[in-house]
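Working notes, beginning with the structure itself.
Because only heavy atoms are used, hydrogens play no part in the values below, and waters and symmetry mates are left out as well, while side chains stay in. A quick note: this is a predicted structure, and the numbers were derived from the prediction, not measured.
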Amino acid sequence: MIYLDNAATSKVFSEIIQNVKLWSEEFFANPNSIHPDGQKSRRAIEQVRYFFSDYFGCKPEEIIFTSCATESNNTIIKGLAEKFPSKDEILISPIEHKSVLYPVMYLKRKGFKVRFLKIDKSGRIDLDDLRKKLSNKTLFVGVIHVNNETGVIQDIKAVGEICRENGVLFFSDIVQSFGRIDIPFSYIDFFSVSGHKINAPKGIGFLRKTGEIIPLLHGGGQEFGIRSGTENVIGILSIREALGIWLKRKEDFIKRSKKLENILVKQLKEYIPEIKIVSEGYKVPYITTAIFPEVKGQDMVMALGRAGVEVSSGSACSTGSPTPSHVLLSYGFSEEEALRGIRFSFGIETKEEDIIEAVEKTVEIYKKLKKFTGFSL
C-alpha cells in the first residue's frame, strides 16, 4: 500500500512504539498523585514542558497539554471570547481548518461579528485588507500557517507584526508546519499543535498561550487550571520524542519532498494536460492538491484505495461528505471543481518509487473513470 495521506495522519515512529511499553510501565501512576510514583510521572511531564518552552522561547506555564489540535483550537477561541467579552469581533482567513471555523461560527451565533480576510490568487492573506479590518473591537486574528488542503504557507511573521502594532492577539493553527519547516513562534500569541501529524500517537496535542483564557473544561484543575483531566503521560513523552526525530530529519525531508512534488506535478500534467494544480507558488512541497477534469474526487479516492494508493479528497474531516471543500471555493474554484480535488501528502518515509507508481495508477484509474463520467463506482 502506498500511503499519500500524511496530512490526515502519520504512521507512529517505530522508536516511539518501542518506547511506549517501557514508558507505560515506568510512568503508570497518576501525575497528580503525591506519592513517589505519581511524582515520577509529574517530573516526566514537566521535563517535556520545559523542553518545549525552551524550544519556543516561552515560559513553561504557557504550554498546555491537550488531547489534540481540535481541543486546543476550541480552548483558545472560546477561552478568549469568555475572557474578553467586550471585544466582539473576530478576523480569520476563509481557509481555516474546520476545528477553527466551527468554534468561530459558534461564537457568531452567540453574537460575535466574524469578518473573513481576503486571500489573493495564490491563497495568501491580503495584508492590506487585514490592516483595514482591524479595530479596537477585534478579539483576535486567526490565520492558519500551512493550509491542510493546499499546503499554502502564510506570512505569519508579517501578520503577527501587524497585529502587535495594533494591540491585537494573533492565533495560528500550526499543525501542518510544526516540526517540518521553520516557524516564527515569537510573532504568535496563541497556537495549536497535534501529535499524530508528526508521527506521534493520536490523542495528544498542546497549545501555547501568552495570556489568560477561560478554561473550556472544568474539574481537576490540571494544566494550570486551563485543561482539567488526567494528563496523557505517554502521549506527552511521545510528542517530545517525535519532534526530536523530526528536527534531525526535516532538512532531508523538505529536500526530498521538493523532488517528489516535482515528479508528481510534472507527470500528472504530462498525462492529464487539463489537470489544475492548486497553488503552485508559496507552499510546502509535501502537500499538493490537484483538480481532475470531469471525475469526482471521492470516486478517485475510493478507486485508488482499491488499487493500493491512499490519498484524500479535501481535508480528512470532510471525507465522506458531498459538500465541496470550503478551501477550494475560497480560492475561486466552482463547486463542481471543488468536488474534483485530490490531495497528495508526503510523509517522512515517502520514496520516489512510491510517487512514480502512484501517478501511474492515478492516470490509469482517471482514464477509466472518465469513461463513466457522472457515475460513481
Evaluate whether atom CD of E335 has more than 12 neighbouring non-hydrogen atoms of other residues, nucleotides or ligands under 6.0 angstrom away. no

Go through R306 and L304 one step at a time and tell me if the side chain to side chain contact (heavy atoms under 4.5 Å, CB included) criterion holds. CA-CA 5 Å; R306 289 193 291 270; L304 279 168; over 6 Å; no

So that I can tick it off, tell me whether D182 and K250 are bridged by a salt bridge, with the cut-off set at under 4.0 angstrom between side-chain N and carboxylate O. yes

Would the distance check show the side chain of R343 and the main-chain N or O of T150 forming a donor-acceptor pair, the cut-off being under 3.5 Å? no

Of all residues at least two apart in sequence or in a different chain, which pass the salt bridge (charged side-chain N to carboxylate O under 4.0 Å, His left out) check with E241? none

Residues K255 and E251 bridged, charged N to O under 4.0 Å: no

Within 6.0 Å of CD in E280, more than 12 heavy atoms from elsewhere: yes

Hydrogens and angles aside, do Y282 and S122 bring a side-chain donor and acceptor to less than 3.5 Å of each other? no

Kindly compute the distance separating CD1 (I277) from CZ (F344), expressed to the nearest 0.5 Å. 8.0 Å

Would L207 end up clustered with Y50 when hydrophobic side chains under 4.5 Å apart are linked, directly or stepwise? no

Residue among D173, I188, I181 satisfying side chain to side chain contact (heavy atoms under 4.5 Å, CB included) with H145: I181

Just checking Y102: does its OH atom have more than 12 heavy atoms from other residues, nucleotides or ligands closer to it than 6.0 angstrom? no

Would you mind checking if K132 and D128 are paired as a salt bridge, meaning a charged N to carboxylate O distance below 4.0 Å? no

Side-chain contact test, heavy atoms from C-beta onward, threshold under 4.5 Å: evaluate it for H326 versus L101 and give yes or no. yes

Counting neighbours of CZ on F224 that are heavy atoms of other residues, nucleotides or ligands and sit closer than 6.0 Å, is the number greater than 12? yes

Show the numbers, then the answer: is there a side chain to side chain donor-acceptor pair (under 3.5 Å) between Q154 and S93? CA-CA 10 Å; Q154 300 295 335; S93 80; 6.0 Å; no

Please evaluate residues T288 and E261 with respect to the criterion side chain to side chain donor-acceptor pair (under 3.5 Å), reporting the C-alpha separation (whole Å), side-chain torsions for both, the decisive distance (0.1 Å), and the verdict. CA-CA 8 Å; T288 299; E261 182 187 38; 3.3 Å; yes

Evaluate side chain to side chain contact (heavy atoms under 4.5 Å, CB included) for E349 paired with K11, printing each intermediate quantity in order. CA-CA 9 Å; E349 301 296 342; K11 185 178 180 181; over 6 Å; no

If we ignore hydrogens and angles and just use 3.5 Å, is the side chain of Q222 paired with the main-chain N or O of G229 as donor and acceptor? yes

About how many Å separate CG of L268 and CD1 of I275, when rounded to the nearest 0.5 Å? 4.5 Å

Could you go step by step and tell me if N30 and E231 meet the side chain to side chain donor-acceptor pair (under 3.5 Å) rule? CA-CA 8 Å; N30 190 318; E231 294 94 337; over 6 Å; no

Regarding K351 and D354, does a basic nitrogen lie under 4.0 Å from an acidic carboxylate oxygen? no

Verify, without hydrogens or angle tests, whether N147 (side chain) and I95 (backbone) share a donor-acceptor contact under 3.5 angstrom. yes

Is there a side chain to side chain donor-acceptor pair (under 3.5 Å) between K59 and S53? Walk through the geometry before answering. CA-CA 6 Å; K59 299 175 182 177; S53 68; over 6 Å; no

Are side-chain heavy atoms of N148 and V175 found at a separation under 4.5 Å? no

Are E223 and R49 close enough for a salt bridge, meaning some N to O gap below 4.0 Å? yes

Mark yes or no for whether S41, through its side chain, and A29, through its backbone, hold a donor-acceptor pair below 3.5 Å. yes

Between the side chains of K368 and E364, is the shortest nitrogen-to-carboxylate-oxygen separation below 4.0 Å, so that they form an ion pair? yes

Less than 4.0 angstrom from a charged side-chain N to a carboxylate O is my criterion; do K83 and E212 meet it? yes

Between the main-chain N or O of S135 and the side-chain N or O of T138, is there a donor-acceptor pair closer than 3.5 Å? yes

Does Q39 reach the main-chain N or O of P36 with its side chain, forming a donor-acceptor pair under 3.5 Å? no

When you check the side-chain N and O atoms of T9 and H196, is any donor under 3.5 Å from an acceptor? yes

Value for CZ (F333) from CD1 (I291), rounded to nearest 0.5 Å, stands at 5.0 Å

Mark yes or no for whether S33, through its side chain, and G38, through its backbone, hold a donor-acceptor pair below 3.5 Å. no

If you group Ile, Leu, Val, Met, Phe, Trp and Tyr by side-chain heavy-atom gaps below 4.5 Å, do I263 and V278 land in one group? yes

Salt bridge or not between E89 and K113? Use side-chain N to carboxylate O under 4.0 Å. no

Give a yes or no answer on whether the side chain of K137 reaches the backbone of S86 with a donor-acceptor pair at less than 3.5 Å. yes

If you count every heavy atom of other residues, nucleotides or ligands that lies below 6.0 Å from K276 atom NZ, does the total exceed 12? no

What do the steps show when you test E71 against R227 for salt bridge (Lys or Arg N to Asp or Glu O under 4.0 Å), and what is the final call? CA-CA 10 Å; E71 182 188 342; R227 202 279 184 178; 2.6 Å; yes

Indicate, with yes or no, if I272 and L4 share a hydrophobic cluster defined by side-chain heavy-atom contacts under 4.5 Å among Ile, Leu, Val, Met, Phe, Trp and Tyr. yes

Give a yes-or-no answer on whether the side chains of N73 and S192 include a donor-acceptor pair shorter than 3.5 Å. yes

Look at the side chain of K361 and the backbone N and O of A307, then say whether any donor-acceptor pair between them is shorter than 3.5 Å. yes

In this structure, OG1 of T362 is separated from NZ of K367 (nearest 0.5 Å) by 12.0 Å

Any residue meeting salt bridge (charged side-chain N to carboxylate O under 4.0 Å, His left out) with K78, in chain and number order, not counting sequence neighbours: none

Kindly work out whether a path of hydrophobic side-chain contacts (I/L/V/M/F/W/Y, heavy atoms less than 4.5 Å apart) joins V311 to I348. yes

Can a donor-acceptor pair be found, under 3.5 Å and without considering hydrogens, that links the side chain of N166 to the backbone of I162? yes

Could you please spell out the steps behind the ring pair (Phe, Tyr, Trp, His ring centres under 6.0 Å) verdict for F52 and F206? CA-CA 10 Å; F52 281 123; F206 61 83; 4.7 Å; yes

Between the side chains of D189 and R164, is the shortest nitrogen-to-carboxylate-oxygen separation below 4.0 Å, so that they form an ion pair? yes

For F171 and I77, run side chain to side chain contact (heavy atoms under 4.5 Å, CB included): C-alpha distance rounded to whole Å, both residues' side-chain angles, the deciding distance at 0.1 Å, then the answer. CA-CA 9 Å; F171 156 61; I77 292 166; 4.0 Å; yes

Find out whether the Lys NZ or Arg CZ of R340 is both under 6.0 angstrom from the six-membered ring centre of F292 and within 45° of the ring's axis. no

Angle between ring planes, F185 versus F56, binned at 30° and 60°: parallel, tilted or perpendicular? perpendicular

CA sep, side-chain torsions, deciding dist, call: E15, I245, side chain to side chain contact (heavy atoms under 4.5 Å, CB included): CA-CA 9 Å; E15 296 95 324; I245 295 171; 3.9 Å; yes

Run the ring pair (Phe, Tyr, Trp, His ring centres under 6.0 Å) check on F253 and Y286 step by step: do they pass? CA-CA 9 Å; F253 170 72; Y286 49 87; 5.3 Å; yes

Is I76 linked to I214 within one hydrophobic cluster, defined over Ile, Leu, Val, Met, Phe, Trp and Tyr using a side-chain heavy-atom separation of less than 4.5 Å? no

